[in-house]
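What follows is a short report on a single structure.
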Amino acid sequence: MKQGTIKNFFGNSQKKKEELGESNLGSDKKCATQSQKGAETNGQNSKESQQKPDESKSQQEESQLKEKPKAQKRRQIIDSSDDEEVPSLATMSISNKQIKKVENENQKNESSKSETKSSTDSSNLSKQILEKPKNEDEKLSQSSKKAAEQQDTKKKPTNNLRKLLDKHFDPIEDAPFYKDQEVLFGYLCDGFERVNEQEGKNSKAIQIEIMSKIFKSIILLNPDQVYEAYMFCILKIAPDYESNELGVGREILQKAISNCCGKSVTQIRDSLNKLGDLGKVASEAKSTQKNITNYFQKQAKEKPPITLNRTFNDLKSIAAASGKDSTAERERIIIKYMNEAKPDEACYFIRFLEQNLKIGAAEKTMQAALSKAFFEIAHNIKSNHVYTEQQNQLLEEFNFNITRCLCEFPNYYQVIETLKQIGKDISKLLDICKITIGVPCKPMLAKPTKSIQVILERFKDMTFTCEYKYDGLRGQIHYDGKDVTIFSRNLENMTQMYPDIVEFIKKHVSQSKTVKNFILDSEIVAFDKNTNKIRPFQQLATRGRVNVKLDEIDIKVCVFMFDLIYINDQSLLQTTLQERRQKIQECFVQEPGEFCFAEHINTEDVEQIQEFLEKSVKVGCEGLMVKTLETNSTYEPAKRSFKWLKLKKDYLDSGLGDTLDLVPIAAFKGTGKRVGLYGAYLLACYNEDMERYETICKIGTGFSDEILEACYKFFQDKIIPQPQSDYLTKDFKADVWFKPSVVWEIKGADLQISPVYTCAISETNQEKGIGLRFPRLIRVRDDKDPVDATSPSFIYDIYKQQAVVANDFDDGDDFY
DNA sequence: TCTGTCTGCCCC
DNA sequence: ATTCTGC
DNA sequence: GCAGAATGGGCAGACAGA
């Protein structure tokens, strides 16, 4: 059976109705009556669909006239392509819904929200439709048809869960909904469940295949909702730069779940410790609860299945809640949703709120699946098709382009809309979805490197450069000739945090005749202009985040520019670092203490690098960034996301390093794959003079699976009911406390003043102790007793020796 | 108005 | 942020 | 080597409740 163009689709849909009815009757006798009903209603719909082409063509023309903005956008796209040759999804989809999509997001939300509301309040509409006698087929009026479109999601029998794994899966036939009907959220959940089952070789490919099938169904049946579906899969409700926080964390979720299933929060916690994940807790609560409450509910009325639209809108409402009682409002939405959801649906709703799908597939996999879906539709390839060499290559190109666009221009909505338009011609995607001032580009990241030798090997036969790695906040600074926007590493708009930088740029660049606009990549660092020294990261972090006033800034910053990715309407993404660096130096003038080029040297000499590394640490940096200059040095976040290397002092295996010997005195139960074990431990140093243990950090990384389990077992007979009287803590809550029993060797990057830990508290200022930044386990030490652990005074000495702290002491300005 | 708790595709 | 693991 | 999933410290901001 063919698919992939609209003609084929409608051709299919004619055949489909009979086949579907038959197969369902045959396959599942239990549901015979239901299936029959389903099949019949099906028939209605298919007939409708058949009629649609004529009708909706005119509708389409009409609304295209109405909808100027979108029409324009589309024209841009289509203008540059030859409409005839490339069958685009736009021409494929005859649905008037697609045009409806033009409404802006807010409007759309409002309307669909109210739709969902009315539908959940009473299932009258769907009942009506379900109970409609079949002889009314032909009489279906315009209005009830509309209603069917909006609400009727029930008709298609949904007991085809395994179809997603079926070799002969058909994205149209095997989706649990019909053309133009609401996408059922359960369909996505089924997909997640199947994805989660995959392991072993080829599992990634199968995961991608499964999700691509779902995306194909949605693209073909209800293209409006591809965006929502994809966004759900990557756990977002809006692009990153439109900061849309959910405001729901573990505590609220636990409360909501307990409220929903009539258990105490303590019971929920127990359940969480047993199951390892709140999603599972919710789904288990649902399925056990079913026996009692749901039974009667079912008798009373068949609940309409939950749609993707409703799910997504609920999530948006949760994020939108603010002000007084917003927490209660969020809770209310969650509880209501959970009450109506099936176990799987509740599970994934909760997991979305936890921002973790836990199915072994995350954004990269989802994106590959989306690419595959669009590719197969554009190229008319069936699911599970074994690709030819050439098809493989084409898919790779497809995927590469999509990845690249999503990195340069992470406006998911527009990328998906554009994909619908361009069909096969993937090269057109980058014409539209390209780096744009005002839209953050995903930043290049660096990979930790253990030694200079490793760097030399990695970059042999290439020229490379070393830069200081400043300890500050990443800042991607956009200037469009008028406004300045600053984005964080995670593409969050942080402009409000830096009015001083905004002012500086406006002031200096407006005078420049050579710079019209730009995007530059930098590290923003707390800086003391008087002493010309870098200040600790911790001080930078005390800056306000929103609505910072110029005259209230007490922590001054310096911008250290290290890359330029766009200048004067021209993208530099494809140029070499050498060229980009040259451009920076041409275009920008340094202003000491405010706006500087990142310190760098170009050398391949080990000793010089070593020296440079030490110098960087001495002035308060974290270490070095090492980057190729010519070969393979373009700014391409898409190709390899960790093309740069970072070299920090604490990475180095050589030398004694600054490791600490610490004693685990408490632990926290693990979640996810660490369920049943301890996920993290509380560590303390030993104060010989005072004969007490002083806390310094928790630790949860550096354990191999084996060691993690061994540690759990080791501590089973070391558990004590209360913290010992010689444990100095600040009202610290832990799941279990231990006798001091063992010493662990711990590495960290920095020591810093801590509001919660007590290490060296009597030597600091009696209120705040010292904490360890980036702690990780190196090894278990059998040769030391707990009382031999590192002492607080030793730790305090190291703390004082740290460059940035010393800088501050020099200044006589004891910040804390 | 003050204080404590929770949250963050937080920032690192 | 760091680290480990499966592929 | 990548992608995913465990986990760290500590800050401001938002909100709930006293």
Side-chain angles (χ1 to χ4, degrees), chain A residues 198-205 207 231 234-252 255 276 321-328 330 352 354-365 368 410 445 447-448 471-474 488-492 494 497 523-524 537-548 622 640-642 646 648 650-651 668 670-675 677-683 696-708 746-757 768 770-778:
Chain A
Q198 303 307 316
E199 58 178 52
K201 75 171 165 51
N202 256 344
S203 60
K204 189 51 70 182
Q207 289 178 336
M231 292 297 271
I234 60 171
L235 303 167
K236 296 179 205 293
I237 53 176
D240 306 293
Y241 51 92
E242 280 175 19
S243 168
N244 231 325
E245 292 173 344
L246 290 163
V248 175
R250 177 153 291 182
E251 300 302 316
I252 292 173
K255 250 172 93 183
S322 76
K324 194 168 158 13
D325 296 330
S326 56
T327 309
R330 290 183 169 127
F352 185 101
E354 279 195 299
Q355 293 286 291
N356 191 345
L357 237 34
K358 302 196 185 197
I359 56 172
E363 182 162 359
K364 290 272 160 54
T365 306
L445 302 171
K447 199 182 155 63
D471 189 12
L473 296 172
R474 188 82 174 256
S488 75
R489 178 193 139 120
N490 291 320
L491 313 188
E492 203 95 7
M494 303 293 285
M497 188 169 172
E523 191 77 10
I524 298 165
F537 174 82
Q538 219 176 358
Q539 291 186 22
L540 178 65
T542 64
R543 267 206 179 202
R545 311 272 167 84
V546 292
N547 219 349
V548 176
E622 295 184 289
R640 266 179 271 160
S641 46
F642 295 90
K646 57 178 164 182
K648 294 216 246 172
D650 56 282
Y651 295 160
F668 307 82
T671 66
K673 62 187 180 188
R674 293 196 180 170
V675 69
L677 305 174
Y678 299 127
Y681 292 83
L682 175 64
L683 297 177
I696 181 167
C697 66
K698 290 201 291 175
I699 187 158
T701 193
F703 302 88
S704 66
D705 291 355
E706 194 186 349
I707 287 181
L708 198 73
I746 306 294
K747 194 175 251 191
D750 286 318
L751 292 162
Q752 54 192 10
I753 296 294
S754 164
V756 297
Y757 295 112
K768 293 184 174 182
I770 285 179
L772 186 63
R773 189 147 79 131
F774 311 145
R776 59 264 195 191
L777 177 78
I778 301 301

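Here is how names work: the chains are called A, B, and so on, in the same order as the sequence lines, proteins then strands, and each is numbered from 1. Since the structure is predicted, the reported quantities are computational estimates derived from the model, not experimental observations.
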Phosphate oxygens OP1/OP2 of [N]: is one of them under 4.0 Å from a side-chain N or O of [X]?
X	N	result
A/T327	D/dA16	yes
A/K364	D/dA3	yes
A/K646	C/dT2	yes
A/N490	B/dC11	yes
A/R489	C/dA1	yes
A/K648	C/dT2	yes
A/N356	D/dG4	no

Query raised in the report: Using purine N1 to pyrimidine N3 plus N6-O4 or O6-N4 for Watson-Crick, or N1-O2 and O6-N3 for G-U wobble, each under 3.5 Å, what pairs with C/dC4?
Result: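 D/dG4 - that is the nucleotide pairing with C/dC4, both distances being under 3.5 Å.
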
Whole angstroms only, please: what is the [atom1]-[atom2] distance between [X] and [N]?
X	N	atom1	atom2	value
A/D471	B/dC11	CG	P	16 Å
A/E199	D/dG4	CD	P	17 Å
A/L708	C/dT2	CG	C1'	15 Å
A/R330	B/dC6	CZ	P	15 Å
A/I359	D/dA5	CD1	P	8 Å
A/K324	D/dG17	NZ	P	8 Å
A/E492	B/dG8	CD	C1'	9 Å

Requested in this report: Verify, without hydrogens or angle tests, whether A/R330 (side chain) and A/I252 (backbone) share a donor-acceptor contact under 3.5 angstrom.
Outcome: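 No, the answer is negative, given that no donor and acceptor are paired below the 3.5 Å cut-off.
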
Query - Side-chain (A/Q538) to main-chain (A/I753) donor-acceptor, under 3.5 angstrom - result: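 Yes; at least one donor-acceptor contact below 3.5 Å.
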
Query raised in the report: So does A/R773 pair up with A/D650, basic N to acidic O under 4.0 Å?
Result: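 Judged by the 4.0 Å cut-off on N to carboxylate O distance, A/R773 and A/D650 do not form a salt bridge.
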
Query raised in the report: Salt-bridged, A/K648 to A/D750, with N to O below 4.0 Å?
Result: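 Salt bridge absent between A/K648 and A/D750.
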
Query raised in the report: With pairs taken as Watson-Crick or G-U wobble and both distances under 3.5 angstrom, which stems of at least three consecutive pairs involve DNA chain B?
Result: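 Consecutive-pair runs (3 or more) involving DNA chain B: B:1-8 with D:11-18, B:10-12 with D:8-10.
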
Requested in this report: Start with the C-alpha gap between A/K646 and A/K447, add the side-chain angles, then the distance that decides, and say whether side chain to side chain contact (heavy atoms under 4.5 Å, CB included) holds.
Outcome: CA-CA 6 Å; A/K646 57 178 164 182; A/K447 199 182 155 63; over 6 Å; no

List every contact pair, protein side and nucleotides 8-10 of chain D side both N or O, where the distance is under 3.5 Å.
{"unit_1": "D/dG8", "atom_1": "OP1", "unit_2": "A/K698", "atom_2": "NZ", "d": "3.1"}
{"unit_1": "D/dG8", "atom_1": "O3'", "unit_2": "A/K698", "atom_2": "O", "d": "3.3"}
{"unit_1": "D/dG9", "atom_1": "OP1", "unit_2": "A/K698", "atom_2": "N", "d": "2.8"}
{"unit_1": "D/dG9", "atom_1": "OP1", "unit_2": "A/Y757", "atom_2": "OH", "d": "2.1"}
{"unit_1": "D/dG9", "atom_1": "O3'", "unit_2": "A/Q752", "atom_2": "NE2", "d": "3.2"}
{"unit_1": "D/dG10", "atom_1": "OP1", "unit_2": "A/I753", "atom_2": "O", "d": "3.1"}
{"unit_1": "D/dG10", "atom_1": "OP1", "unit_2": "A/S754", "atom_2": "OG", "d": "3.4"}
{"unit_1": "D/dG10", "atom_1": "OP2", "unit_2": "A/S754", "atom_2": "OG", "d": "2.9"}

